[in-house]
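In this text, all values refer to a predicted model and were calculated from it rather than measured experimentally.
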Amino acid sequence: VQLQASGGGLVQPGGSLRLSCAVSGFTLDSYVITWFRQAPGKEREGVSCIRGSGGGTYYSDYVKGRFTISRDNARNTVYLQMYGLMPEDAAVYYCARGSSRVNGGTWYRERWYNYWGQGTLVTVSS
């Protein structure tokens, strides 16, 4: 099982980025994939989650309305499209594979995730 996050970079406030999480070793449609982020000096936090086929999506209140998570099963990739980036969005972003048992009240808890990508750095600065 492998997850590889990419797409980070430097963007100005108000700009956009699309992160990718390429997975291998398992069937993407059968698992939950969640994006987490960790800013310097802060705890890692859940950003957005996409469940298996037809299972829906979840977003943290901080990104709701600005970020969109999606999945391309043919490409074995989960995307995080980020718009309206703010300095407080700057962090290392990780994707993780989680149990199909997660729900709207648990998706952001790390205990449900057993495989993690290496992280990709997002910097928001003018």
Please say whether more than 12 non-hydrogen atoms of neighbouring residues, nucleotides or ligands are located less than 6.0 Å from CD in E88.
yes

So, do F36 and Y113 have ring centers that fall under 6.0 Å from each other?
yes

Among residues two or more places apart or on two chains, list those pairs meeting side chain to side chain donor-acceptor pair (under 3.5 Å) that have a residue in residues 116-126.
none

Roughly how far, to the nearest 0.5 Å, is CZ of R51 from CD1 of I33?
12.5 Å

Nearest atoms (heavy-atom pairs only) where W107 meets C49
CE3-CB, 3.5 Å

Pairs involving residues 91-106, ordered by first then second residue, that meet side chain to side chain donor-acceptor pair (under 3.5 Å) (sequence neighbours left out):
R37-Y93, S99-R101, N103-T106

Using the rule that Ile, Leu, Val, Met, Phe, Trp and Tyr join whenever any side-chain heavy atoms are under 4.5 Å apart, tell me whether L80 and V23 fall into a single cluster.
yes

Let's go through V78 and C95 carefully: what are the C-alpha distance in whole Å and the side-chain angles of both, what is the deciding distance for side-chain contact (heavy atoms from CB on, under 4.5 Å) to 0.1 Å, and is it a yes or a no?
CA-CA 9 Å; V78 172; C95 55; over 6 Å; no

Please check if the side chain of S20 supplies one atom and the backbone of Y79 the other of a donor-acceptor pair under 3.5 Å.
no

Quick check: is Y31 connected to I69 through a chain of hydrophobic side chains (ILVMFWY, heavy atoms under 4.5 Å apart)?
yes

Do you know the tightest heavy-atom contact between R75 and T77?
O-OG1, 2.8 Å

Identify the heavy atoms of E110 and R44 that sit nearest to each other, and give their distance.
OE1-NH2, 3.1 Å

Heavy atoms from other residues, nucleotides or ligands near CZ of F26 exceed 12 (cutoff 6.0 Å):
yes

Taking the side chain as everything from C-beta on, heavy atoms only, tell me whether W35 gets closer than 4.5 Å to Y59.
no

Side-chain heavy atoms nearer than 4.5 Å, only ILVMFWY residues, links allowed to pass through others: does that put F67 and Y62 together?
yes

Under 4.5 Å between side-chain heavy atoms, hopping through other hydrophobics if needed: is there a path connecting Y108 to V47?
no

Which pair of non-hydrogen atoms, one from L17 and one from L85, has the smallest distance, and what is that distance?
N-CD1, 3.9 Å

Identify the two heavy atoms, one from G84 and one from D89, that lie closest to each other, and give their separation to 0.1 Å.
O-OD2, 4.2 Å

Side-chain heavy atoms of V11 within contact of M82, under 4.5 Å:
no

Does any part of the side chain of V102, heavy atoms only, come nearer than 4.5 Å to the side chain of R109, both counted from C-beta?
no

Does some side-chain heavy atom of L28 sit less than 4.5 Å from a side-chain heavy atom of R71?
yes

